[in-house]
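Heads up, the thing below is written out as structure tokens.
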Amino acid sequence: MAKAKLPDGSILEVADGATVADLAAQIGPGLARVALAAKINDQLVDLSTPLTGDVTVVILTSRDDIGLEITRHSCAHIMAEAICSIWPEAKLVYGPTVRDGFYYDIDLDTPIRPEDFKRIEQKMVEIIKADTPFERAEMSRDEALQKMAGDVYKFDNIQNAQGDVISFYKHGGDGFEDLCRGPHISRTGSIDYKGFKIMSVAGAYWHGDASQKMLQRVYGTCWQNKKELKGYLHRLEEAKKRDHRVIGKQMDLFSFHEEGPGFAFLHPKGMKVWNGIIDFWRDVHRRYGYEEIKTPIMLNESLWHKSGHWDNYKENMYFTTVDEITYAVKPMNCPGGLLVYNSRKHSYRELPMRMAELGLVHRYEPSGMMHGLVRVRQFTQDDAHIFCTPEQIQGEIVGVIDLLQEMYAAFGFEDYHVELSTQPEKHIGSDEVWETATNALKGAIEQKQMDYQINEGDGAFYGPKIDFHISDYLNRSWQLGTIQLDFSMPERFGLSYTAADNTEKTPVMIHRAILGSLERFMGILIEHYAGNFPIWLAPEQVRVLPISEKTNDYAGAVLGQLKDAGLIVSLDTSDDKVGAKIARAHADKVPYMLVVGPKEAEAGVVNVRMRQSTDTKTIALDDLISMIRQKIADKSLDLMI
RNA sequence: GCCAAUGUAGCUCAACGGUAGAGCACCGGUUUUGUAAACCGGCGGUUGAGGGUUCGAUUCCCUCCGUUGGCUCCA
């Protein structure tokens, strides 16, 4: 007899060699029907796995995240079979699950087009309806290699596979078989044939290596049922509405033009948001002891030879020649900052020196890389370079993290993750210096009690770094802040300071950015707020809406007072009814709408309506002004008055 | 850059091998309006650019440019 301990603590005895499916049936016919796979002693297995001895068993259904993932993986196999049945020459490469679905990489010379999705889906429905079992077959690695000797992709997969036992799964009437670790659902019919959809096809290099063959990656999504699928498709539609490119157009914040691909044009309203961000940024940096500098956007090419950018970064740079002198448009601000440092001698008493720069940089990006404001060819970095002694490193890093946390909190970003990248193979500087520097970074993160992930060998060639990442609404991860230690530049540029013992020493240089690229940050902010900027950042804070022309004079007076109070305000004197004016103000995402008619004019008050609310409140204008000003000063995320 | 898709009025989208159409926006008029869109009229397009096929191309084909979704990269 085998003893199975279940999640509720109970122990069920089953005949030795009985399968998980048998166990599920013993627990109840309902469970048997929805069971997809199981965990035995925390190991994922198929329902057909026999039970022996004392084990803990968790039976997984599509309600479990893992159950759904297994379903998706099985769905990927079914799609692979469908594709192979349509294009027999297709070679399967690799088909994992991803968030919300799965993909399968396929080597096939005929392009798979969106028009083909329907017939692939139809074939998949047939396979699901045929309800054939997934059957696992195991063999040794050598046997598997021999079996797949003619298939470069599967042969490669087997070589990369972990463990000594290699498994294959078979399903379908034609005996479709694929190398796979498993587990899988027990029958193809367990998938709801209305619960999946093929989403897109894209190119993907084998092993993600641009020198390898471009494969076709077919993406699909799969859910418990039709309703869940529809919910997912609906969420995608909603996410599209939040896309900063869409909102940017709607709200007239910025635009792009063919004349300058990857160069953003900020419109008046976009500039209001931009200036709101940098006013705050300057205030914070002043408080944290930074000085601000500004360096030219192009500098003599020779400087970039000296800095090492010519050797390491030339492909991403723009150049221009005037009077036979070649200038490089700066892709980074550091060389300019170094020239500023070197413009006079420095004493140890001045350190740490924190020099900030909102530097406009240009980086040539391959055309396929560009994406709205978040991936551009020209952007403004909120850069700073800190020059300090080795002993000061950790304290400075902690200071940067403090500053960063204060800024992120003001924008309401709670969810970000930290990555520490360590010494890469190709690097400069001794192992000792790297260790000291890496420990300083680690020490600072630990001192701040932050969780972090280590990216071994992912540092820059000149030093280790810490990166701060956040996810946008479409779940793409973006790097915002970065703190990088640099051992290369101070030496290349012969930086020095006079130490207490009157010797000349080389300072340590820390590069850091908090928001990263202001353009990108603005894009992320737009999505984060869905265009509903908090009052302190809103490109239009208040709009006055007179009921009719008869109240235009009073509305004008209200407008004047709001302007005098320093608020960004406008007046809608169009010949529309107030309902239309309100609808338009909502579309423009204006935080406060002031409706004024004869009643308000008589009493000298305003009727306030807040964005995202249908409540209204009548209030004296002076009171409203002081409340709004308070909210701006507090950077309040709440509009309620 | 690579793979695929795509480009029609300021915006969102129709149509089609035979002279391009709607809604919103804009302009003019009527209305003087009370909390998410009053009514009437008008303006607006060498259909991304350039070639080719054709009696005829916005439609089919090619090249280029932009954009979108991915892949590598990174702020």
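Each chain gets a letter, A, B and so on, in the order the sequences are listed, and its residues count up from 1.
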Counting only side-chain nitrogens and oxygens, does A/Arg609 get under 4.0 Å of the OP1 or OP2 atom of B/G34? no
Residue whose closest nucleotide on RNA chain B lies nearer the 5' end, A/Arg217 versus A/Gly579: A/Gly579
Of the nucleotides B/C73, B/U35, B/A36, which one has an atom closest to the side chain of A/Ala583? B/A36
Could you work out, with salt bridge (Lys or Arg N to Asp or Glu O under 4.0 Å) as the rule, every residue matching A/Glu600, not counting sequence neighbours? none
Residues in side-chain hydrogen bond (donor to acceptor under 3.5 Å, both in side chains) with A/Lys269, at least two apart? none
Could you go through residues 374-384 of chain A and list every donor-acceptor pair under 3.5 Å that involves a side-chain atom there, pairing it with any protein atom two or more places apart or in another chain?
{"residue": "A/Arg375", "atom": "NH2", "partner": "A/Glu365", "partner atom": "OE1", "Å": "2.7"}
{"residue": "A/Arg375", "atom": "NH2", "partner": "A/Glu365", "partner atom": "OE2", "Å": "3.2"}
{"residue": "A/Arg377", "atom": "NE", "partner": "A/Glu365", "partner atom": "O", "Å": "3.0"}
{"residue": "A/Arg377", "atom": "NH2", "partner": "A/Glu365", "partner atom": "O", "Å": "2.7"}
{"residue": "A/Gln378", "atom": "NE2", "partner": "A/His362", "partner atom": "NE2", "Å": "3.1"}
{"residue": "A/Thr380", "atom": "OG1", "partner": "A/Glu519", "partner atom": "OE2", "Å": "3.4"}
{"residue": "A/Gln381", "atom": "OE1", "partner": "A/Asn333", "partner atom": "ND2", "Å": "3.2"}
{"residue": "A/Asp382", "atom": "OD1", "partner": "A/Ile514", "partner atom": "N", "Å": "3.3"}
{"residue": "A/Asp382", "atom": "OD1", "partner": "A/Leu515", "partner atom": "N", "Å": "3.1"}
{"residue": "A/Asp382", "atom": "OD1", "partner": "A/Gly516", "partner atom": "N", "Å": "2.9"}
{"residue": "A/Asp382", "atom": "OD2", "partner": "A/Trp281", "partner atom": "NE1", "Å": "3.1"}
{"residue": "A/Asp382", "atom": "OD2", "partner": "A/Ile514", "partner atom": "N", "Å": "3.1"}
{"residue": "A/Asp382", "atom": "OD2", "partner": "A/Leu515", "partner atom": "N", "Å": "2.8"}
{"residue": "A/Asp383", "atom": "OD2", "partner": "A/Asn333", "partner atom": "ND2", "Å": "2.9"}

Quick one: list whatever passes ring-ring contact (aromatic ring centres under 6.0 Å, His included) with A/Tyr232, sequence neighbours left out. A/Trp223
Tell me, which of residues 587-603 of chain A have any heavy atom that sits under 4.0 Å from an atom in RNA chain B? A/Val595, A/Gly597, A/Pro598, A/Lys599, A/Glu600
Can you list the residues that meet the ring-ring contact (aromatic ring centres under 6.0 Å, His included) rule with A/Tyr103, with sequence neighbours excluded? A/Tyr219
Excluding sequence neighbours, so at least two apart, what forms side-chain hydrogen bond (donor to acceptor under 3.5 Å, both in side chains) with A/His267? A/Asp252, A/Ser255
Which part of the nucleic acid, if any, lies within reach of A/Tyr219 when heavy atoms closer than 4.0 Å are counted: base, sugar-phosphate only, or nothing? sugar-phosphate
Side chains of residues 458-467 of chain A: which donor-acceptor partners sit under 3.5 Å, not counting sequence neighbours?
{"residue": "A/Tyr462", "atom": "OH", "partner": "A/Gln484", "partner atom": "OE1", "Å": "2.6"}
{"residue": "A/Lys465", "atom": "NZ", "partner": "A/Asp467", "partner atom": "OD2", "Å": "3.3"}
{"residue": "A/Asp467", "atom": "OD1", "partner": "A/Gln479", "partner atom": "NE2", "Å": "3.1"}
{"residue": "A/Asp467", "atom": "OD1", "partner": "A/Thr482", "partner atom": "OG1", "Å": "2.8"}

Contact under 4.0 Å: A/Gln479 side-chain N or O vs B/C74 OP1/OP2: no
When you measure only distances, ignoring hydrogens and angles, does the side chain of A/Tyr205 come within 3.5 Å of the base of B/G1 through a donor and an acceptor? yes
Give, ordered by number, those residues of residues 362-370 of chain A having at least one heavy-atom distance below 4.0 Å to an atom of RNA chain B; if nothing qualifies, reply none. A/Arg363, A/Tyr364, A/Glu365, A/Pro366, A/Ser367, A/Gly368, A/Met369, A/Met370
Per A/Ser548 side chain, nearest of listed nucleotides B/G66, B/A38, B/U32: B/U32
A/His234: which residues meet the ring-ring contact (aromatic ring centres under 6.0 Å, His included) condition with it, sequence neighbours left out? none
Between the base of B/U72 and the side chain of A/Asp209, is there a donor-acceptor distance below 3.5 Å? no
Dot-bracket summary - RNA chain B, pairs being Watson-Crick or G-U whose distances fall under 3.5 Å, with | when paired to another strand: (((((((..((((....[..)))).(((((.......))))).....(((((..]....))))))))))))....
Taking N or O atoms only and anything under 3.5 Å, show me the protein contacts with nucleotides 4-9 of chain B, one pair per line.
{"residue": "B/A5", "atom": "OP1", "partner": "A/Arg113", "partner atom": "NH1", "Å": "2.2"}

